[in-house]
Amino acid sequence: MAGRLGDILVEKGYLTETQLEDVLSARDGGRLGEKLLRQGYVDTEQLGEGLSEQFDVDYRRLTPQSVHPQVVQLVPESFARRELVVPLAAEGSQLTLAMESPDDIETLSEVELMTGYDIRPVVSLANDIQSAIDIGFDDRIVARQTVIDLQMAELREQTEDVPEEEIVSHQEDDAPVVRLVRAILTGAVNAGTSDIHLEPHTPEMRVRYRVDGELQQVMTIPGHIEDAMIARIKIMADMDTTESRRPQDGKLSLTEDGKRVGFRVSIVPTIDGEKVVMRLLEEGNSTFSMDTIGFSASDRGKVETMLDKPHGMIVVTGPTGSGKSTSMYAMLTSLNRIERNIVTVEDPVEFRLQGINQVQSNNDFGMGFANALKFIMRQDPDVIMVGEIRDHETATTAVQAALTGHLLISTLHTNDAVGAVTRMNDLGIDSFKIGGSLLGSIAQRLVRGICPECKVPHEPTTALIEKTFATSRLELNQTLYRGTGCDRCLGTGYAGRIPIHEVMAVTPKVAQAIEAGLPHTQLREVAIEDGMTELLDSGLLQALAGRTTLEEVYFKTSG
């Protein structure tokens, strides 16, 4: 070995002598590397580089993709947990073994005897090894991986010399392509995915899941069977299997662990083939509540005051995928009473709400948002929800509904809450009508939460701090955190998402400013003076509370 870990890290410039002495003098237990990570003095890559030099072996950062259950189980689970070792790859007569202590000759000899392989040790962090063991011995993951391995082997063997049209026509329930499609769908459900992307590329189709708003690749499919895959999905979604030149939309569902899950399917032709995107929709198991939306106490009070009004308009703004529909469904659920007639017009109807009359928008049958809203007005509604205000006609009808005794909730695509006024002006609505009909607007984003398993103190760059706090009314007076990346978060440092909001209540003062036609910047100042918390400040409060990172807040609110 080259020397002591602390000395190596100091020599590399990753650690100061003072920091090393501080950690060594502490009486808390644990290995030096663990304590250095806990204090935030080094990151995982720096520690791994130091360990690699100390033990004179390669450092291996473990991720779920580097764990193959069949390889992991070459050693017994009890032995792997006791000695903190995990097999990673078997090539020829050599087995790569991740170890916390790669200088443990006795353990190396024991693994050689157990497996019959020549052992090539690599050093990994204890937490990474523990997570890899958990994954490798998880029965569900093992079964799923085994199914996929068998399917891929069968597909290669069965389709090697079979014409493409014959592959597409064989769709029996026990066919490999059928089981592979189901494995991809159920895998997405278990991974907490929002969307599945099947993308045709040369030479292989790429399969990616969107988790916590970010796309992550999970596998590739051989190019010569991708048509069979897409044909199977078309059959399940009741689409035309003979049509490959036009876009198609459909819906399919399956039951996983007793839970029925729906998938909204979109297929679009590309130059390399048909691209499939499937949005997950939990059927009958989704609950929407104001308690789970994530409003601060102050913002929730403002929104509930708006909802108590008998008439007027509430708009929710934000980009696609920011949770606008979820917020509207939560508001509708809170309003749902036996004495109220609530009607929605949506494109599409993604979730069924008990006791609420939901209408599917359909331009082909004269039921676009504007026309549907006119028909709904004749249905004696108390509360109306319109999926999106996107044109002059819909905006005019919505404002008219709000001014004639109805409570109307809808969405607009704007960057902030104040932008709703500007957008409605752009759609041809007079300022005095906006001021008279608008109860308030809510801007929202979803920021990724820090993974609790790899959360460490973090000091952002001076430039980032200046950019985020320059216009804020908050001060950086607390420790900030980030995730270093681990198996649980697939190396991203993030797990889950947190909503942040900007709620502009149309008070008499704000209404007067709207009716006066004040420009966006001045109207924003009036709203802030009247109690609006800006979206950036809402995000910074989450960062200061240690729930998300400064980088994430800046990225999601800078637009």
So, the side chain of [X] versus the backbone of [Y]: is there a donor-acceptor pair under 3.5 Å, distance only?
X	Y	value
Asp212	Gly496	yes
Ser124	Arg60	yes
Tyr59	Glu49	no
Glu226	Pro200	no
Arg61	Gly48	no
Thr193	Ala188	yes
Glu552	Thr549	no
Gln478	Ala545	no
Lys324	Gly318	yes
Ser52	Val57	yes

Flag the pair [X] and [Y] as a salt bridge only when some basic side-chain nitrogen lies within less than 4.0 angstrom of an acidic carboxylate oxygen.
X	Y	value
Asp227	Lys234	no
Asp134	Arg81	yes
Asp58	Arg120	yes

| message | Assess the residue pair Thr484 and Asp43 against the criterion (side-chain hydrogen bond (donor to acceptor under 3.5 Å, both in side chains)); give the C-alpha distance rounded to whole Å, side-chain angles, the decisive distance to 0.1 Å, and a yes or no. | response | CA-CA 7 Å; Thr484 57; Asp43 60 32; over 6 Å; no
Using the side-chain contact (heavy atoms from CB on, under 4.5 Å) rule, pick out the option among Asp249, Val277, Val276 that qualifies with Val265.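 Passing option: Val276.
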Practice prompt. Indicate the ring-plane relationship of Phe351 and Tyr329, choosing parallel, tilted or perpendicular according to the 30° and 60° boundaries.
Written response: perpendicular
Of all heavy-atom pairs linking Gly546 and Ile450, the shortest is O-CD1, 3.7 Å
Closest non-hydrogen atom pair, Asp299 against Phe295: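 Scanning both residues, the minimum pair turns out to be CB-CD2, 4.1 Å.
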Checklist entry - What distance separates Arg482 CZ from Tyr494 OH, expressed to the nearest 0.5 Å? => result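 The distance works out to 9.0 Å.
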Arg260 and Ser253: side-chain hydrogen bond (donor to acceptor under 3.5 Å, both in side chains), yes or no, with the steps? CA-CA 7 Å; Arg260 190 167 183 80; Ser253 62; 2.7 Å; yes
Tested for side chain to side chain donor-acceptor pair (under 3.5 Å) against Gln444, the lone hit among Ser538, Ser327, Ser322 is Ser327
